[in-house]
Every structure is written in C-alpha cells, then in structure tokens.
Amino acid sequence: MADKIQMKTPLVEMDGDEMTRVIWKMIKDMLLTPYIDLKTEYYDLGLEHRNETKDQVTIDSAKATKKYGVAVKCATITPNAQRMTEYQLSEMWKSPNGTIRAILDGTVFRAPIIVKGITPFIPSWTKPITIARHAYGDIYKNTEMTVGEHAKAELVVTDKDGNETRKLIHEFTTPGIIQGVHNVDESIASFARACFNYAIDIRQDLWFATKDTISKQYDHRFKDIFQEIFEQEYQQKFNELGIEYFYTLIDDAVARVVRSEGGYIWACKNYDGDVMSDMVATAYGSLGMMTSVLVSPEGVYEYEAAHGTVTRHYYKYRKGETTSTNSVATLFAWSGALKKRGELDNLPELVKFAENLEKATIQTIEDGVMTGDLYLLSNLENKQKVDTQTFLAEINQRLQKLI
C-alpha cells in the first residue's frame, strides 16, 4: 500500500458507549488507520469513565475541541434511573452532548444522507431537509425540583444592585414538579447568524419556528433577535441570492414541512430541534442516515452521529450474537471531521480520502449491500442484508477501488 496520508493537527476524538463504541473501533481499524496516519487527542466519554472522572472528561474534551478546532464524537449514554443501577453511577450525569454544546455554543446542523433505493416515508421529500438546532440552554441546562404539597414556587431574579423581581409560578395544593430554563441573548444571536450564514453558503431558504403565541417573552425573544439580525445584516444578501427567510409557529412549520418537497433549512430551538431532527431522520428512512455537525461562532466544528448507542444490539453483541447495525452516521461523522481538518490544514489528500469514504459508503448501499434497517426500507431488487462487519468490509473494497 502507498504511504499513509499524513495529518498536521490532531482531531479531538470522543469515544462513546455500547454498540456505537464497538462500531467506532471497527471503523478506525478497517477504514481509517490503514490509510491515514491518524492523529487524535483521545477522550473516553464512555459512561464508566465519565463516572470515574465525575464527568470532568466531558468538559476536558470540549475544551480540547476549542483548542484544536475539529472534533469527532461517538454516540453516548445520557443516564436515567435504570442506567444509575446498571452502571452503578455516583450521580445521574447530564447529557454529554448538552455539556459540550454549552461550552462550544453554536448551532447543530443535521441533514439526511439520501441514497437511491430508499424512498422517504413522505414521498414528496425529494430534497434534504436540514435541521438547524440551537445548541445552548433551554431544557439541556435546566434546574428542576420536586415540590411538596401546600408549597409556593416563585421565579426570583436578583439584579446587580441586589434588587429582587419575583413572579409566582404556582401555589401547590398537591405535590408536583417545577423546572427553570434559561437562554442568553448572545447565544441566540450566534444561533441566528449561524443559520443565516449557512443558508447563504448552501443557497437555501431558512425557516425559523417557535411558539411565541404561548411563550410571549421567552420564545418571542428568539423571534425578535432573528428578525432584527436578518433585517440589519442579511436581508440584502438573501434578496441577491433569491432565497427567503421567514418565521412561523412551530405547529404551522410541521404542517408545511410534511407537505413540502424539502430543500431548505428549518431552524429550531434546542429541544424542538432534538425532536424534529429525529422525526425528519426517521421519515427519510433511518436515524443511522443523518449527518450532524455543531458549528460554533468561532468556527469550531464537532461532528457526531445523531442517534443513540443502539443498546438492543449491544446486548445481543455481548451474548456473542451477530448484529446488523447501521454504521453510516458514525462513518459520516469521521468523514466530515477528516474533511474539515483537511480543509483547515490545507491537506487536499485528506479531503479527497474523506470524500471517497462517503462515496464508497453510498455506493455500497446503492449496490444493494446494506444493514437490516435499510434492507427493510430499500426498494432495490437485488438487495442483501449483511452484518455490521461485512458491511464495513464491503465499503472497504469499494474505497480501495476509488483510491
């Protein structure tokens, strides 16, 4: 084999959990290290190690991403009560994605990977829909409490001079729950600019949707900041390119999206974007067929698979059973990060390799070789379902030909 492709700057590598962790290693061993002298700064974000470090490893990985500019992240577990027992955790650690996004700020852009032979569940969707998800605040930085009966809950803000403003949340006659969420103007403005810039880059219309009729201050703030920045900084450029920005209520946006042909960016607040990107990914075919990149205002990039850790397959794998797990989103996280690293470091060979890896992956599926989830969706006549390892080996055969 020819000399391996050299790298100048390391990628920040964030390893993850369960089946995606297994696939992560397979991808590196079969499709990356044979071709690239892979330089990474490695962080183990597996739940055991996060617990051992009291989640400091997650914070360190985000800081390293700020330093080096490009990261690639495996899917990770956000623990619930069941995971507390299963992994004997000292604390119910927060979403690692939420922690990383809070440190990096920015916006997550998620778009489906479209292949021939897989028709979306909404057949009119002939073009990709990109979800732009705000990556700071809201429920992902929430504070919550359980409340006993006959308690009064208030929202209290103390200004810089020590003056308090209070608002009643609820007077509880029975036990209940409360949750406090926040956002900051600076982050909302960064989110807006990231969306407008991305729309200009890919020359597509931008929609933004919240529920300002109900949330008359919180959601309305998002709407106002978007509108102000658009009018002051972007309207002229949008007009020149013949693209449009408009705001609508999120329920109206859902109705419009379902009737559309795709081909636009749909900007959503943090939680809305989490839900809608899963909806869009599933309607296009599979969560395993979605690219996801976090772009910070400073131009820092974090590529990840937009799905979970495929727990059901992992339990089968641990019993020694073969699984047919879709590895495309994880592969595209690696290819996206390598491509961006190559662009930033002026390494055309690295960019070309990443592009060939993506081509080989799509070609494998379009040749009829695919994992179980895609096999059920594909309308190709000569299709075959293969296990995870065979799928990656088939990609490797095609990659070698492209190289």
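Using a 4.5 Å heavy-atom cutoff, the side chains of Val257 and Arg259 are not in contact. Proximity of Leu241 to Ile200: side-chain heavy atoms (C-beta onward) are separated by under 4.5 Å at one or more points. Two residues are said to be in side-chain contact when any heavy atoms from C-beta on lie closer than 4.5 Å; His220 and Thr213 fail this criterion. Thr210 places none of its side-chain heavy atoms less than 4.5 Å from the side chain of Ile250.
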Could you walk me through whether Glu261 and Lys127 pass the salt bridge (Lys or Arg N to Asp or Glu O under 4.0 Å) check?
CA-CA 6 Å; Glu261 61 171 13; Lys127 300 172 188 170; 2.8 Å; yes

Can Tyr245 and Tyr234 be said to form a ring pair (Phe, Tyr, Trp, His ring centres under 6.0 Å), step by step?
CA-CA 10 Å; Tyr245 163 68; Tyr234 293 96; 9.8 Å; no

Go through the steps to decide whether Lys339 and Glu355 satisfy the test salt bridge (Lys or Arg N to Asp or Glu O under 4.0 Å), and finish with yes or no.
CA-CA 7 Å; Lys339 208 188 302 181; Glu355 287 170 348; 5.2 Å; no

Could you check Trp334 against Tyr303 for ring pair (Phe, Tyr, Trp, His ring centres under 6.0 Å), going step by step and ending with a plain yes or no?
CA-CA 7 Å; Trp334 272 106; Tyr303 294 82; over 10 Å; no

Pair Lys340-Glu343, salt bridge (Lys or Arg N to Asp or Glu O under 4.0 Å): steps then yes or no
CA-CA 5 Å; Lys340 182 53 69 178; Glu343 284 170 14; 3.1 Å; yes

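Under a cutoff of 6.0 Å and an axis angle of 45°, Lys385 and Tyr375 do not form a cation-pi pair.
Using modelled atom types and a 3.5 Å distance limit, the side chains of Tyr43 and Asp60 yield no donor-acceptor pair. No side-chain N or O of Thr107 forms a donor-acceptor pair with one of His134 less than 3.5 Å apart. Residues Asp345 and Thr9 bring a donor and an acceptor atom of their side chains to less than 3.5 Å of each other. There is no side-chain donor-acceptor pair under 3.5 Å between Asp105 and Ser296. Checked by atom type, the side-chain pair Asp159/Thr165 shows no donor-acceptor distance below 3.5 Å. In this structure, a donor-acceptor pair under 3.5 Å is present between the side chains of Glu18 and Thr311. No donor-acceptor contact under 3.5 angstrom links the side chains of Asn270 and Lys141, judged on distance only. Looking only at atom types and distance, the side chain of Thr158 has no donor-acceptor partner in the side chain of Asn163 under 3.5 Å away. Under the 3.5 Å distance criterion, with hydrogens and angles disregarded, a donor-acceptor pair is assigned to the side chains of Lys73 and Thr76. Ser95 and Asn97 are not linked by any side-chain donor-acceptor pair at a separation below 3.5 angstrom, with hydrogens and angles left out of the test.
For the atom pair Glu366 CD and Thr361 OG1, the distance stands at 11.0 Å (nearest 0.5 Å). Note: Arg133 CZ to Leu294 CG = 10.0 Å, rounded to the nearest 0.5 Å. Taking CE of Met26 as the reference point, atom OG1 of Thr330 lies at 11.5 Å (rounded to 0.5 Å). Interatomic distance, CD of Gln232 versus CD1 of Ile229, reported as 8.0 Å (0.5 Å rounding).
For Arg101, the side chain to side chain donor-acceptor pair (under 3.5 Å) partners at least two apart in sequence or on another chain are Glu304. Partners of Phe246 according to the ring pair (Phe, Tyr, Trp, His ring centres under 6.0 Å) rule, which considers only residues two or more places apart in sequence or in another chain, are Trp207. By the ring pair (Phe, Tyr, Trp, His ring centres under 6.0 Å) test, Phe238 pairs with Phe196, Phe230, sequence neighbours left out. Every residue meeting the ring pair (Phe, Tyr, Trp, His ring centres under 6.0 Å) condition with His170, not counting sequence neighbours, appears here in chain and number order: Phe172. Listed by chain and residue number, Asn183, Tyr218 satisfy the side chain to side chain donor-acceptor pair (under 3.5 Å) test with Asp138 (two or more places apart in sequence, or in another chain). The side chain to side chain donor-acceptor pair (under 3.5 Å) search around Glu86 returns Gln82, Arg83, Tyr315, not counting sequence neighbours.
Other residues, nucleotides and ligands contribute at most 12 non-hydrogen atoms within 6.0 Å of the CD atom of Gln88. Heavy atoms of other residues, nucleotides or ligands lying less than 6.0 angstrom from NZ of Lys54 number 12 at most. Atom CG of Leu168 sits in a crowded spot, with more than 12 heavy atoms from other residues, nucleotides or ligands closer than 6.0 Å. Other residues, nucleotides and ligands place no more than 12 heavy atoms under 6.0 Å from the CE atom of Met145. Under a cut-off of 6.0 angstrom, the local environment of OH in Tyr314 is crowded, with over 12 non-hydrogen atoms contributed by other residues, nucleotides or ligands. Heavy atoms from other residues, nucleotides or ligands lying under 6.0 Å from NZ of Lys8 number more than 12. Around atom CD of Gln6, more than 12 heavy atoms belonging to other residues, nucleotides or ligands sit under 6.0 Å away. When the shell of 6.0 Å around CD of Glu381 is examined, it contains 12 or fewer heavy atoms from other residues, nucleotides or ligands.
In plain terms, the two heavy atoms of Leu104 and Ala62 that are nearest each other are CD2-O, 3.6 Å.
Using a 4.0 Å cut-off between charged nitrogen and carboxylate oxygen, Glu154 and Arg166 count as a salt-bridge pair. Ion pairing between Asp252 and Arg256 holds under the 4.0 Å rule for side-chain N and carboxylate O. Between Asp251 and Lys211 there is a salt bridge, since at least one side-chain N of the basic residue sits less than 4.0 Å from a carboxylate O of the acidic one. The residues Asp367 and Lys383 are annotated as not salt-bridged, no charged nitrogen and carboxylate oxygen being separated by less than 4.0 angstrom. Using a 4.0 Å cut-off between a side-chain N of Lys or Arg and a carboxylate O of Asp or Glu, Glu41 and Lys67 do not qualify as a salt bridge.
Taking the six-membered ring wherever Trp is involved, the centroid distance between the rings of Phe226 and Phe191 falls below 6.0 Å. Aromatic ring centres of His182 and Tyr136: separated by under 6.0 Å. For an aromatic pair to be called close, the ring centres must be under 6.0 Å apart, and Phe353 with Tyr35 satisfies this.
The aromatic rings of Tyr271 and Tyr140 are tilted relative to each other, their planes meeting at an angle between 30° and 60°.
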